[in-house]
Number of protein chains: 2
Amino acid sequence: MAVQKPTSLDIAAAAGVSQATVSRALRDSPQVSEETRERVKKAARELGYIVNRNAAGLRTQQTNVLAVLLFDELGQHRFEANPFFLSMFGSISHAAAELKYDVLVTFQEDSENWHHDLIVANRADGIILLGYGDYRDSGSKFSMLTENECPYVLWGPDLPELKGKVVGCNNIKGGRLATEHLLSTGRNKIAFVGEASASSPEFLARFQGYSQTLTDAGIAVDPALQFDAHDEQEGYLAGLRLLASGCQFDGVFAVSDSIAIGVMRALKEADKRIPDDIALVGFDDLPLAAYVEPSLTTVRQDCKMAGQLLVHSLVSQIHKKAPGQMTIEPELIVRQSS
Amino acid sequence: MAVQKPTSLDIAAAAGVSQATVSRALRDSPQVSEETRERVKKAARELGYIVNRNAAGLRTQQTNVLAVLLFDELGQHRFEANPFFLSMFGSISHAAAELKYDVLVTFQEDSENWHHDLIVANRADGIILLGYGDYRDSGSKFSMLTENECPYVLWGPDLPELKGKVVGCNNIKGGRLATEHLLSTGRNKIAFVGEASASSPEFLARFQGYSQTLTDAGIAVDPALQFDAHDEQEGYLAGLRLLASGCQFDGVFAVSDSIAIGVMRALKEADKRIPDDIALVGFDDLPLAAYVEPSLTTVRQDCKMAGQLLVHSLVSQIHKKAPGQMTIEPELIVRQSS
DNA sequence: TTCAGCGATGAATACGTATGTATAATGAGC
DNA sequence: GCTCATTATACATACGTATTCATCGCTGAA
C-alpha cells in the first residue's frame, strides 16, 4: 500500500531500542518505562507506523474481526426493504469500533451452507447472525458452530435451546403494548395478522402478548380474527380475507410494519377510514411507517441498543466472560393510524 | 476457534507429501501432478482444513479484503434513510465474494480523519468510499491515498481531478429524463429543488440536465423557480417558499426522493392536487417512493450494477489493470405523481 | 551408455509481530 | 563492599503460509 511501509524494526532503529521494546511500548505494557514508551510512540507517529494485522494476528491467533452474517433468503430486495437490520448494523459497527474490532460482512443466501460459515468464522473471532429466519430444529442447526467452539450470537427469539446466544426484543411485551393501546382507544374486536406458530417464534411471542392482554381484559381470543402473513403482499391478502370474512372488527394488530402496510392497503381499497372505522398498529417502526398515510402507530425496537448488546455479548463470549443484558424493551409509538 | 485447527503441515502428513506441495496443490499450481493434487485436496476436505488468512496474508502481503468506508456525516439516521447505499452495499458484497474478496465495513463520521483511512487501508487491499459528500478541493483530499499508492474508488460525480477513481450515474442524463418527462406531460413551468452549485457536483449535473432540456425546448431557465434543499425537511421548506413566491409552476423536479417527499408534504398542506395541479419527479427510487401518496415518479439508479462496477474497477486497480466501465445509466420510473 | 532436459517434489526461508527467557543496570540492606 | 531483589531492555523463537532454490527420477537424443 504505502510505498514502503515501516515495520516495528524500523521504529526500533529510529528510537534506538529493540523490536521487542517497540512492540511492548505500543501495546502499553507496564514492563517498559514511561520515557522509552514516549520515545517509541513518537518515532512510530513520525514514521507513520501501523501495526501489520496479519503478522499480529498470526502471532496472537486472533483477528480482531467480528463477522456479520446476513441471511437474506428473499434476495437482495428483502434487505433493502428491511432498514431495521441496517440501523442495527450501524450500531454494531460503532460498538465494535469502540472495542477495537473490525466488522466483516457477508451476505448469506443459503442458510444450510455451514461450511461457508466456518470459513467466515476462520477469518473472525466471532460471528453475529442477522435475519436468520427459520428456527425449526434450531438447536442442531447451530451445533457446527458450537462444536467448533466458535463464539456466536444471533438476533432473534428467546428460545431455551439457544440460551446465552440470542439477543432479542421482549416480543411478548411488544404484543401487549400494541394490544393494550388498541383497547385503551376503545377497540375490543381486535384482529391479529401474522403467524402464530413455532416456526416464527418472534411472531408467536407477539401473538402471546396479544392474546394475554385480551384474556386479561376479559375478551375472548377469536381464531376467526387471526390471519397468516409474512410480508406486505401477504398482509394485503390477509386484509382482503379479513374483510371478506364478514367478521366484525374495529382494530388490527399486525406483527410487522410491512404487514401492517399491506393491511392498510386492503382497508383503504375497501374505503374503510383509518383510524375512525378501524385502528391499525404495526411492529418495528420502519422509517416508512412515518410516511404512509395515515402514519402508522407501531412498536419500536431500539436497534441501536440491540446492536450494542449483540457486540457486547459476543465479545464477552470471546473473552469467556459472562454475558450481560440480552433483551431490549419495546416502545409504543403512537401515530395517526390508531 | 476450532478445538485444534489443522495446518497445512497436518494435511502434508495425511497426504504423505511436503507442506510445500500442499500449498501448491490447494492453490492449483501447475507444478503439482493431477494425482497428488487430488490426494491433497481429499485430505484437506476430510480434516476440515481452512487456509489461515493471517499467515497467507503475511506471506503474500495482501489481505484479500476490500474496505468500504461509509461517510455518514448526518449520523446514523441518514444511512437509515438512505437505502440506496444499502442496496449498493449488497451488490458490492456479492461482487466481491465472486472475486474471493471479503468486505470490511467502517462507518466514518469524520471525513477529515485520513489517518484512520490509512489504518483501514492497511487492513485491506483497496477501499471503496460511499456517501462522501463534500467535493470542494477534492483533488487534495484524496492525495493521502494517492501518495500511499492505495487503490480506491468512490461513488460520486465525474470530476476530472478524480479521473479513473469515480463510479457514478450519468446525472446529466438523469436530469434530462426527469425534465423531458415533465415536458411530455404538458408541463412547461418546471421548478427545480436541490442545489445547483459545485459543492454538490451530482446535484449540479442533474441541474444541468434540467436546464439543457428546458433550453432545448425553447423554455427560459428561470432562477426564480430554483430553490436549495438537501433533505426532506429542507425540501418541505423549499416547497413552502416556492408556494409563497407567487410564481406560477405546474411541475417540480427534485434532485432526490427525500427532497421530493418534503416538497410533496408542502404541496399537500397547501391543498395542491398531485399530479393534477402540479406534477412531481424525484431521483433515486427509494423504496419509500412507491409507498408515499401519490406514489412518486422518479429516476432510478441501478445500484446493483453500481456496486459491481465499484468492485471491478477497484480490483482492476489492485491488479494494475485498466479500469472498465465507470458509469451507469439512469432510468425513469413513472408513477402517480406525474 | 551418457547426459541434457524436464517434471514433480522436498528443503529452506522470510513475511512482521508478540512474548518467554536471559541479561544488564540499579538500588537497598546488611 | 557484597548480595539480592527489582527493573528495563535485548535476544530468540514461533505463529502458518507461499515461494525460491535444490534435488531426484525419468525420458529421449546423441
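Letters go in sequence order (proteins before strands), and every chain restarts at 1.
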Closest contact, heavy atoms only, [X] versus [Y]:
X	Y	answer
Ser313(B)	Val153(B)	OG-CG1, 3.2 Å
Ser91(B)	Gln308(B)	OG-N, 4.2 Å
Ala44(A)	Ile11(A)	CA-CD1, 3.8 Å
Cys169(B)	Thr327(B)	C-CG2, 4.1 Å

Roughly how far, to the nearest 0.5 Å, is the CG atom of Asn54(A) from the OG1 atom of Thr63(B)?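 If we round to the nearest 0.5 Å, Thr63(B):OG1 and Asn54(A):CG are 7.0 Å apart.
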Could you walk me through whether Thr21(A) and Ser18(A) pass the side chain to side chain donor-acceptor pair (under 3.5 Å) check? CA-CA 5 Å; Thr21(A) 302; Ser18(A) 74; 3.2 Å; yes
Closest to the Asn52(B) side chain: dA18(C), dG10(C), dT17(D)?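 Side chain of Asn52(B) sits closest to dT17(D).
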Counting only side-chain heavy atoms from C-beta out, which of dC15(C), dC15(D), dT17(D) sits nearest to Leu58(A)?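 Nearest nucleotide to the side chain: dC15(D).
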Interface residues of residues 29-39 of chain B with DNA chain D (non-hydrogen, below 4.0 angstrom):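 Listed by number, there are none.
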Using a heavy-atom distance cut-off of less than 4.0 Å, which residues of residues 8-22 of chain B contact DNA chain D?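 Residues of residues 8-22 of chain B under 4.0 Å from DNA chain D: Ser8(B), Gln19(B), Ala20(B).
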Are Thr36(B) and Ser33(B) close enough that a side-chain donor and a side-chain acceptor fall under 3.5 Å?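 Yes - a donor-acceptor pair under 3.5 Å links their side chains.
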Between [atom2] on [N] and [atom1] on [X], what's the gap in Å once rounded to a whole number?
X	N	atom1	atom2	result
Leu26(B)	dG16(D)	CG	P	16 Å
Asn54(A)	dA14(C)	CG	C1'	14 Å
Arg123(A)	dG16(D)	CZ	C1'	16 Å
Arg59(A)	dA18(C)	CZ	P	9 Å
Arg53(B)	dT17(D)	CZ	P	13 Å
Gln62(A)	dG16(D)	CD	P	14 Å

Could you give me the CA-CA distance, side-chain angles and deciding distance for Lys41(A) and Glu38(A), then say whether salt bridge (charged side-chain N to carboxylate O under 4.0 Å, His left out) is met? CA-CA 5 Å; Lys41(A) 286 194 172 180; Glu38(A) 282 312 315; 5.5 Å; no
Check whether any side-chain heavy atom of Leu129(A) lies under 4.5 Å from a side-chain heavy atom of Leu70(A), and answer yes or no.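 With C-beta onward as the side chain, the pair stays apart.
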Scan Arg24(B) against the nucleic acid and name what it touches under 4.0 Å (heavy atoms): base, sugar-phosphate only, or nothing.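 Base: the residue Arg24(B), judged by heavy atoms under 4.0 Å, touches a nucleobase.
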Tell me what Ser23(A) touches on the nucleic acid: a base, only sugar-phosphate, or nothing, going by heavy atoms under 4.0 Å.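 Base contact.
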Between dG16(C) and Gln61(B), is there an OP1 or OP2 to side-chain N/O distance shorter than 4.0 Å?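 So the side-chain polar atoms of Gln61(B) do come within 4.0 Å of the phosphate oxygens OP1 or OP2 of dG16(C), strictly under.
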